[in-house]
Amino acid sequence: MIKVTLPDGSARELPQGATPLDLANDISKSLAKASMFAKVNGEEWDLTRPFEGDSEVALITRKDDEALEIVRHDTAHVLAQAVQDLFPGTQVTIGPAVEDGFYYDFAREEAFSTEDFEAIEKRMREIIDADLPFEREVWDRNDAIAKFEEMGEAYKAELIRDLPEDETITIYRQGEWFDLCRGPHLPSTGKIGKAFKLMKLAGAYWRGDHRNAQLQRIYGTAWLDDKQLKAHLHRLEEAEKRDHRRLGKQMELFHFQEEAQGQVFWHPAGWTLYRSVENYMRRRLEENGYVEIKTPQLMDRKFWEASGHWDKYRENMFISSIDQEEKILAVKPMNCPCHVQVFNQGQKSYRDLPLRMAEFGSCHRYEPSGSLHGLMRVRGFVQDDAHIFCTVDQITDEVTAFCELLKSVYEDFGFEEPRIKFSDRPDMRVGSDEVWDKAEAALKAAAEASGLDYEYNPGDGAFYGPKLDFVVKDAIGREWQTGTIQCDFNLPERLDAAYIGEDADKHRPVMLHRAILGSLERFLGVLLENYAGKLPLWLAPRQVIVATITSDADSYAEEVRSAMADAGIRVETDLRNEKINYKVREHSVGKVPVIAVVGRKEAEEGKVALRFLGEQGKTQEIMSLDDAIALLGERALAPDLKRLA
RNA sequence: GCCGGCUUAGCUCAGCUGGUAGAGCAUCUGAUUUGUAAUCAGAGGGUCGGGGGUUCGAGUCCCUCAGCCGGCACCA
């Protein structure tokens with residue numbers, strides 16, 4: 001007999017060779033039915049895998065979050081079997097569970113088509129209906145390699161070869177078909193259910209390296225039941241509606257065209273929004289002790305060579321030359337070398353530090369064509385960039401102050417707290433290891449002093465220093481980096497930045513590269529998606545539409561518009577010969593936050609009827625024009641100005 | 001950049017196996033003066049992404065280029 005202990009501390013005796021499933025059945029039939037897999041002494045364990053002696057056991061049921069992961073992983077196995085059944089000669093590679101579903105990467109000469117999905121899904125359902133048991137087998141390493149090679153599964157053989165020597169090689173069978181897999185799996189394919197759907201086809205490099213062969217990836221989504229699946233598909237549809245590219249068109253904010261690939265044509269409404277954000281940011285920077293500068297678009301390549309950008313990013317830099325001159329100018333891909341030029345003018349003293357130098361810096365980068373994505377990834381963009389020149393001792397305070405400012409800005413824009421990543425030295429970098437040790441230690445200490453909750457992202461730092469990145473999510477869960485702060489001991493050296501210390505000697509300052517919004521373009525994209533286009537009053541390009549009910553109210557409407565405009569409200573009239581229903585609908589669809597309805601009654605009484613977006617069905621607020629102006633004027637203030645008021 | 005898909009009116013999209021293009025909305029014109037999410041009627045609008053080919057004939061088939069979309073890779 002063996003003794004198993006459950007999480008609540010209770011213990012049971014089971015015969016030798018008993019499995020977690022036996023345990024579950026011993027407790028109750030319903031538990032056995034709901035169980036998906038087990039954790040035995042902390043290790044993930046199939047329900048049908050016998051205990052290996054006395055154990056501590058936790059049964060994971062459908063209610064647990066981890067259950068979904070198993071279902072997805074199992075669905076990936078079923079997908080692989082279905083594909084190999086239908087398309088002989090296709091090699092399998094890897095197929096993990098991911099957020100919302102799973103994928104499987106296949107190697108096959110011919111391309112799959114989404115038209116194949118129907119047949120594949122059908123075969124998958126057959127495999128699930130067959131209720132094939134998942135059977136775990138431990139194999140000898142060399143036998144496994146030989147077997148997979150014999151089967152023509154070169155990728156699988158390579159995977160096994162690269163596993164650590166002491167790793168137990170397990171394969172899982174489902175009927176005739178089997179795959180190398182660590183497990184665990186459900187007891188049988190029937191337990192997976194059918195709440196899955198193949199979603200999309202994509203290319204993906206073997207082991208994520210573009211120098212390797214490209215595989216064909218099939219993405220699917222999988223859930224515990226149809227209701228969850230439907231809900232997920234519905235979420236995707238809703239997310240599509242708040243795609244900033246679609247909103248940009250609907251709200252006439254901006255457009256793109258192929259003659260200026262990756263660059264934005266801002267329309268009047270979009271530019272109004274852009275300026276609201278920029279002006280807000282400018283005030284926040286000023287309030288926080290920054291000075292603002294503006295530097296050239298084109299600069300001699302020698303500065304980029306000195307900084308190291310030319311070596312690392314030459315391929316991604318636009319250059320400019322002119323017939324009359326030999327020299328090559330680079331269109332600036334970033335602002336730091338320019339800021340060092342400003343810093344280097346005149347002699348700086350330790351008393352000047354920390355010097356916080358900001359620029360709404362317009363930059364251009366030749367981003368790979370496949371990476372361009374609406375406003376989120378462009379070739380021409382503006383950063384709310386700044387460089388803080390400071391001493392080593394000042395790093396912690398400056399990082400802390402920066403993080404505080406960033407949090408406050410994000411709050412003003414209505415964002416949840418962003419995810420934070422700490423990235424250290426990359427393989428391709430400048431500077432000695434000693435300098436990197438210093439920079440990483442300083443940044444980490446500062447992050448910890450600021451009480452940041454960050455994840456470690458090894459090897460992903462900038463080539464000149466480690467960084468903290470701030471990441472937000474878009475409408476369909478894709479993540480975009482916005483803010484950043486980077487600790488740099490290298491560029492001051494390479495670009496010869498210096499200040500005179502207390503000791504009257506020359507010293508190198510540390511540069512903290514930092515941005516809060518990152519690229520204004522990207523931030524606006526994220527902002528639009530975050531609000532699904534329904535921007536708060538202070539950001540809305542058109543804040544109020546004065547809509548008339550009959551033409552009798554035209555002159556009064558103009559009076560209202562003019563008074564509101566004088567109070568600084570962005571307001572327009574709609575005097576068209578249309579029904580009020582029509583106007584209300586059109587401006588609501590157009591995401592105008594406030595519609596001021598005026599008819600004969602309002603004109604006679606000097607009032608307006610305010611209707612607020614997103615409050616459909618709620619009664620309008622009727623008030624005097626003066627009260628309306630006071631109310632809207634106050635509500636339309638940017639959050640920082642509201643705090644001052 | 002790589003893999004796959006898409007590109008038809010200002011916008012959103014139909015157009016089967018090849019027989020010289022269609023809807024809704026928008027626009028314009030007229031009528032209607034209207035009380036909180038689409039008033040009615042009429043009209044105009046397209047070298048079907050560019051180039052090349054097959055064919056008696058191409059929006060439809062083939063090649064090629066570009067852009068966009070979805071991933072991957074990249075992201076100072």
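By convention in this document, chain letters (A, B, ...) are assigned in the order of the sequence lines, proteins followed by strands, and residues within each chain are numbered from 1.
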TODO: Give the ring-plane orientation class for A:Trp266 versus A:Phe254, where under 30° counts as parallel, over 60° as perpendicular and anything between as tilted.
DONE: perpendicular
Task: Touch class at under 4.0 angstrom, heavy-atom based, for A:Gly208 against every strand present - done: sugar-phosphate
Open item on the list: Below 4.0 angstrom, which residues in residues 465-475 of chain A have at least one non-hydrogen atom near RNA chain B?
Closed with: A:Lys467
Between the protein and nucleotides 41-49 of chain B, list the N/O to N/O atom pairs that are separated by less than 3.5 angstrom.
none

Open item on the list: So that I can tick it off, tell me whether A:Asp243 and A:Lys249 are bridged by a salt bridge, with the cut-off set at under 4.0 angstrom between side-chain N and carboxylate O.
Closed with: no
TODO: Could you measure between the two C1' atoms, the one in B:A23 and the one in B:G46, and give it in whole Å?
DONE: 14 Å
- [ ] Identify whether any heavy atom of A:His513 sits under 4.0 Å from a base atom; if not, whether one sits that close to sugar-phosphate; answer base, sugar-phosphate or nothing.
- [x] nothing
Open item on the list: Would you say A:His373 places a side-chain N or O within less than 4.0 Å of OP1 or OP2 belonging to B:C68?
Closed with: no
TODO: Would you classify A:Glu602 as touching base, sugar-phosphate or nothing, given that sugar-phosphate means primed atoms plus P, OP1 and OP2, and contacts are heavy atoms under 4.0 Å?
DONE: base
Open item on the list: Looking at A:Arg377 and B:C75, is any side-chain donor or acceptor paired with a base atom of the opposite kind under 3.5 Å?
Closed with: yes
TODO: Only pairs at least two apart or in different chains count here, so list each side chain to side chain donor-acceptor pair (under 3.5 Å) that has a residue in residues 586-598 of chain A.
DONE: A:Asp574-A:His587, A:Arg576-A:Glu586
- [ ] Quick one: label A:Ala547 by what it contacts on the DNA or RNA (base, sugar-phosphate, nothing), any heavy atom closer than 4.0 Å.
- [x] nothing
- [ ] Look at A:Arg245 and B:C69 and indicate whether a side-chain polar atom (N or O) is within less than 4.0 Å of OP1 or OP2.
- [x] yes
- [ ] With sequence neighbours excluded, give me every salt bridge (Lys or Arg N to Asp or Glu O under 4.0 Å) pair touching residues 197-207 of chain A.
- [x] A:Glu158-A:Arg207, A:Asp162-A:Arg207
TODO: Please report, rounded to the nearest Å, how far the C1' atom of B:C75 is from the OH atom of A:Tyr464.
DONE: 12 Å
- [ ] Could you measure between the two C1' atoms, the one in B:C11 and the one in B:G4, and give it in whole Å?
- [x] 27 Å
Which pairs, protein N/O on one side and nucleotides 62-65 of chain B N/O on the other, fall under 3.5 Å?
none

Open item on the list: Both A:Leu372 and A:Asp460 contact RNA chain B. Which one's nearest nucleotide lies toward the 5' end?
Closed with: A:Leu372
- [ ] Take nucleotides 1-12 of chain B nucleotide by nucleotide from the 5' end and write B, S or -, depending on whether a protein heavy atom sits under 4.0 Å from the base, only from the sugar-phosphate, or from neither.
- [x] BBBS------SS
Open item on the list: Measuring to OP1 and OP2 of B:C72, would you say a side-chain N or O of A:Tyr219 lies under 4.0 angstrom away?
Closed with: yes
TODO: Kindly write out the residues that satisfy side-chain hydrogen bond (donor to acceptor under 3.5 Å, both in side chains) with A:Glu479, not counting sequence neighbours, or none if the list is empty.
DONE: A:Arg419
Task: Touch class at under 4.0 angstrom, heavy-atom based, for A:Asp209 against every strand present - done: nothing
Open item on the list: Considering only residues two or more places apart or on different chains, which pairs with a residue in residues 369-389 of chain A satisfy salt bridge (Lys or Arg N to Asp or Glu O under 4.0 Å)?
Closed with: A:Glu367-A:Arg377
Task: Set of side-chain hydrogen bond (donor to acceptor under 3.5 Å, both in side chains) partners for A:Tyr556, sequence neighbours left out - done: none
- [ ] With heavy atoms under 4.0 Å as the rule, sort A:Lys579 into base, sugar-phosphate or nothing.
- [x] base
- [ ] Among residues two or more places apart or on two chains, list those pairs meeting salt bridge (Lys or Arg N to Asp or Glu O under 4.0 Å) that have a residue in residues 331-340 of chain A.
- [x] A:Lys332-A:Glu359
- [ ] Just call it for A:Arg478: base, sugar-phosphate, or nothing, with non-hydrogen atoms closer than 4.0 Å on any strand.
- [x] sugar-phosphate
Task: Base-pair map of RNA chain B as dot-bracket, where | denotes pairing with a different strand and pairs are Watson-Crick or G-U under 3.5 Å - done: (((((((..((((.....[..)))).(((((.......))))).....(((((..]....))))))))))))....
Open item on the list: From NZ of A:Lys200 over to C1' of B:G71, roughly how many Å is that when rounded to an integer?
Closed with: 7 Å
Open item on the list: Would you say the ring centers of A:Phe106 and A:Tyr104 fall short of 6.0 Å from each other?
Closed with: yes
Open item on the list: According to side-chain hydrogen bond (donor to acceptor under 3.5 Å, both in side chains), who are the partners of A:Glu529, at least two apart in sequence or on a separate chain?
Closed with: A:His244
- [ ] Could you tell me whether the phosphate oxygens of B:G71, OP1 or OP2, come under 4.0 Å of any side-chain nitrogen or oxygen in A:Tyr104?
- [x] no
Open item on the list: Any base atoms under 4.0 Å from A:Gln261, or only sugar-phosphate, or nothing? Heavy atoms, all strands.
Closed with: sugar-phosphate
